[in-house]
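A short write-up of the structure that comes next.
Keep in mind it's a predicted model, so treat the numbers as computed, not measured. Numbered from 1 within each chain, the chains take letters A, B, ... in sequence-line order.
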2 protein chains.
Amino acid sequence: MTIAAVSRKYALTPDTLRYYERIGLLPPVARTSSGIRDYREDDCSWIEFIKCMRSAGLPIDFLVEYVKLFRQGDETLAQRIRMLKEQRDILAGRIADMHTSLDRLDMKIEHYENMMAPIEHEPKPME
Amino acid sequence: MTIAAVSRKYALTPDTLRYYERIGLLPPVARTSSGIRDYREDDCSWIEFIKCMRSAGLPIDFLVEYVKLFRQGDETLAQRIRMLKEQRDILAGRIADMHTSLDRLDMKIEHYENMMAPIEHEPKPME
DNA sequence: GCTTGACTTGGAGTACACTCCAACGTTTAT
DNA sequence: ATAAACGTTGGAGTGTACTCCAAGTCAAGC
């Protein structure tokens with residue numbers, strides 16, 4: 001799979017894909033004999049995982065470290081679990097905070113709509 | 001209330017408070033005769049609201065526009081409601097996405113813990 | 001065999017959101 | 001009344017995460 005194809009598939013620019021690989025956010029991708037990246041299944045799985053985690057706001061440092069440990073093999077498993085759990089809790093906390101903000105936004109909207117009501121009051125049909 | 005007091009109260013640096021005011025994320029704050037900011041109740045409400053919305057990831061542009069419209073008075077109410085609803089939906093979507101990521105993280109953790117289990121298996125007392 | 005278009009690299013540039021600083025004025029405690 | 005602490009401004013600097021670019025390589029179609 002060429003970089004262009006992967007780019008389309010995951011809506012990440014080729015520049016971003018190369019950038020991610022450069023900083024170690026993705027493991028090095030296999031190359032053709034002439035040096036062109038040839039993305040495999042595994043690479044795609046990583047990209048999807050990384051994209052998902054990045055969109056959730058997990059820090060790049062963490063993910064770089066995670067990728068590094070993963071590539072070191074099974075003896076890093078316990079450490080990776082600890083790291084994942086830590087990030088899981090942080091993420092859960094952020095979701096909770098965002099929910100608080102959402103509720104507040106909803107309250108504000110409701111409040112404003114009540115203010116509007118007397119003006120744009122269109123009597124609804126009884127049924 | 002001085003800028004230092006507000007800074008402590010909301011855990012925003014004085015620099016950030018001045019920056020927010022400069023870009024219009026906060027309405028201009030009243031000053032003493034010698035030009036020193038004197039934050040009032042209203043200012044604090046704004047700061048708290050803005051802090052909450054920023055922490056939820058609402059864009060600064062949006063909030064600047066919102067503050068601007070608010071200061072223009074009631075004739076902008078309908079527009080503000082539309083804007084709030086739009087942001088509400090975007091936020092709800094982001095929360096949903098983050099929940100997907102959270103679930104995925106949980107699955108990964110569970111999967112890894114199952115891999116660990118045979119190794120660190122400590123037989124639990126029957127009760 | 002030559003153009004066209006996709007790929008490569010290293011490095012520079014950009015956008016966002018602060019964050020820091022110098023140079024100066026004001027307030028407060030001794 | 002003077003030092004220390006806090007406030008002001010405009011502007012420069014920082015960190016993050018890309019994003020763009022020049023200069024060059026490579027493969028495919030005509």
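Within a 6.0 Å sphere centred on NZ of B:K108, other residues, nucleotides and ligands contribute more than 12 heavy atoms. Remark: B:Q72 CD is packed, more than 12 non-hydrogen atoms of other residues, nucleotides or ligands lying under 6.0 Å away. Atom CD of B:E75 is surrounded by more than 12 heavy atoms from other residues, nucleotides or ligands within 6.0 Å.
To the nearest angstrom, C1' of C:dC7 lies 16 Å from CE of A:M1. Summarising the geometry, the separation between CD on B:E21 and C1' on C:dC18 is reported as 16 Å, rounded to the nearest angstrom. Between B:D61 atom CG and C:dC18 atom C1' the separation is 15 Å, expressed in whole Å. Per the geometry, OH belonging to A:Y19 stands 17 Å off P belonging to C:dT14, to the nearest Å. Nucleotide C:dA12 holds its C1' atom 11 Å from the CZ atom of A:R22, rounded to whole Å. Between B:R18 atom CZ and C:dC18 atom P the separation is 15 Å, expressed in whole Å. B:M53 has its CE atom 16 Å from the P atom of C:dA17, to the nearest Å.
Rounded to 10 degrees, the angle between the two end axes of the helix from C:dG1-D:dC30 to C:dT30-D:dA1 is 0°, with five pairs used at each end.
For residues 30-48 of chain B, proximity to DNA chain D is found at B:R31, B:G35, B:I36, B:R37, defined as any non-hydrogen atom under 4.0 angstrom from a strand atom.
Close approach of DNA chain D to chain B, defined as any atom under 4.0 Å from a non-hydrogen atom of the protein, starts and stops at D:dG7 to D:dT9.
Ring geometry for B:W46 against B:F49 counts as perpendicular: the plane angle is over 60°, on a 0 to 90° scale with 30° as the lower cut.
A cation-pi arrangement is absent between B:K51 and B:Y20 under the rule of less than 6.0 angstrom and at most 45 degrees off the ring axis.
As judged by a 4.0 angstrom heavy-atom cut-off over every strand, A:I23 is placed among residues making no nucleic acid contact. Heavy atoms of B:T2 sit under 4.0 angstrom from primed sugar atoms or phosphate atoms, though from no base atom.
Looking at which nucleotide of DNA chain C each of B:R54 and A:I3 is closest to, the 5′-most match is held by A:I3.
Ion pairing between B:K9 and B:E48 fails under the 4.0 Å rule for side-chain N and carboxylate O. Using a cut-off of 4.0 Å between Lys/Arg side-chain N and Asp/Glu carboxylate O, B:R18 and B:E21 are scored as not salt-bridged.
No donor-acceptor pair under 3.5 Å is formed between the side chain of A:S101 and the backbone N or O of B:M53. In this structure, A:R94 contributes its side chain and A:M98 its backbone to no donor-acceptor pair below 3.5 Å.
Looking at heavy atoms from C-beta onward, A:D38 lies out of side-chain contact with A:V29 at the 4.5 angstrom threshold.
Side chains of A:R80 and B:Y112: a donor-acceptor N/O pair is present below 3.5 angstrom, by distance only.
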